[in-house]
Amino acid sequence: NLRDARCEYYDSLKGSNDDCLRLMRDYLQKESQDKRKIDFDFSTWGPSMVNGDKLPLQRNGYDCGVFACMFAGKFFPRCFVFVFFSSHVN
């Protein structure tokens, strides 16, 4: 989330994934070095985990795809338009 200066990791099973957060920061650093030829400035960036009371939690281990689509639709409503039907899913 560049606007709020933080990498965000959403886990509807209340897990954590430090490797994912590290990879997101590494990606931003590499892109900055490649495109702008400077290091990415993380000095003003805040915490990265989003868990607990702030997220709806799934009650099983198989609805993660549904939660991922719901998170995307909530946080990026103007960026994504999902046009698919159950017949597209095999």
Side-chain angles (χ1 to χ4, degrees):
N1 182 337
L2 295 174
R3 182 183 56 200
D4 295 335
R6 67 184 197 172
C7 292
E8 296 175 343
Y9 175 81
Y10 298 89
D11 190 329
S12 57
L13 289 173
K14 268 192 164 179
S16 64
N17 191 337
D18 292 333
D19 287 338
C20 179
L21 294 170
R22 181 185 51 76
L23 288 170
M24 283 191 270
R25 285 180 171 247
D26 288 349
Y27 171 78
L28 290 173
Q29 174 69 349
K30 288 176 183 175
E31 282 294 301
S32 181
Q33 289 173 341
D34 181 53
K35 306 291 189 285
R36 301 175 356 178
K37 309 300 183 216
I38 59 172
D39 285 339
F40 194 95
D41 181 13
F42 288 105
S43 65
T44 61
W45 282 50
S48 300
M49 296 302 294
V50 180
N51 268 329
D53 302 344
K54 299 176 184 176
L55 290 181
L57 300 177
Q58 68 185 75
R59 296 180 186 161
N60 56 51
Y62 49 83
D63 283 340
C64 52
V66 173
F67 277 77
C69 289
M70 295 299 289
F71 288 146
K74 173 154 178 54
F75 294 107
F76 309 106
R78 292 181 222 136
C79 298
F80 297 101
V81 177
F82 296 105
V83 180
F84 63 90
F85 301 94
S86 58
S87 62
H88 293 124
V89 181
N90 294 327

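Model, not experiment: these values are computed from the prediction. These values consider heavy atoms only, across backbone and side chains, with no hydrogens, waters or symmetry-generated copies.
Ring pair Phe42/Trp45 is perpendicular by interplanar angle, where above 60° counts as perpendicular and below 30° as parallel.
With Glu31 as the partner, the side chain to side chain contact (heavy atoms under 4.5 Å, CB included) test is satisfied by one option alone out of Lys35, Gln33, Gln29: Lys35.
When every heavy atom of Cys64 is checked against every heavy atom of Gln58, the shortest pair comes out as CA-OE1, 3.4 Å. Considering every non-hydrogen atom in both Ser32 and Phe40, the closest pair reads OG-N, 3.7 Å. What you find for Met24 and Glu8 is that their closest heavy atoms are CE-O, 3.6 Å.
Between Arg22 and Asp26 there is a salt bridge, with a side-chain nitrogen of the basic residue lying less than 4.0 Å from a carboxylate oxygen of the acidic one.
Note: the hydrophobic cluster containing Leu28 does not contain Ile38 (ILVMFWY, side chain heavy atoms under 4.5 Å, direct or indirect links).
The backbone N or O of Arg6 lies less than 3.5 Å from no partner atom in the side chain of Asp4, so there is not a single donor-acceptor pair. The closest donor-acceptor contact from the side chain of Asp41 to the backbone of Thr44 lies at 3.5 Å or more, if one exists at all.
In this structure, Asp11 and Phe67 have side chains that are not in contact, with every pair of non-hydrogen atoms separated by 4.5 Å or more.
Among residues two or more places apart in sequence or in another chain, the ring pair (Phe, Tyr, Trp, His ring centres under 6.0 Å) test is passed with Tyr27 by none.
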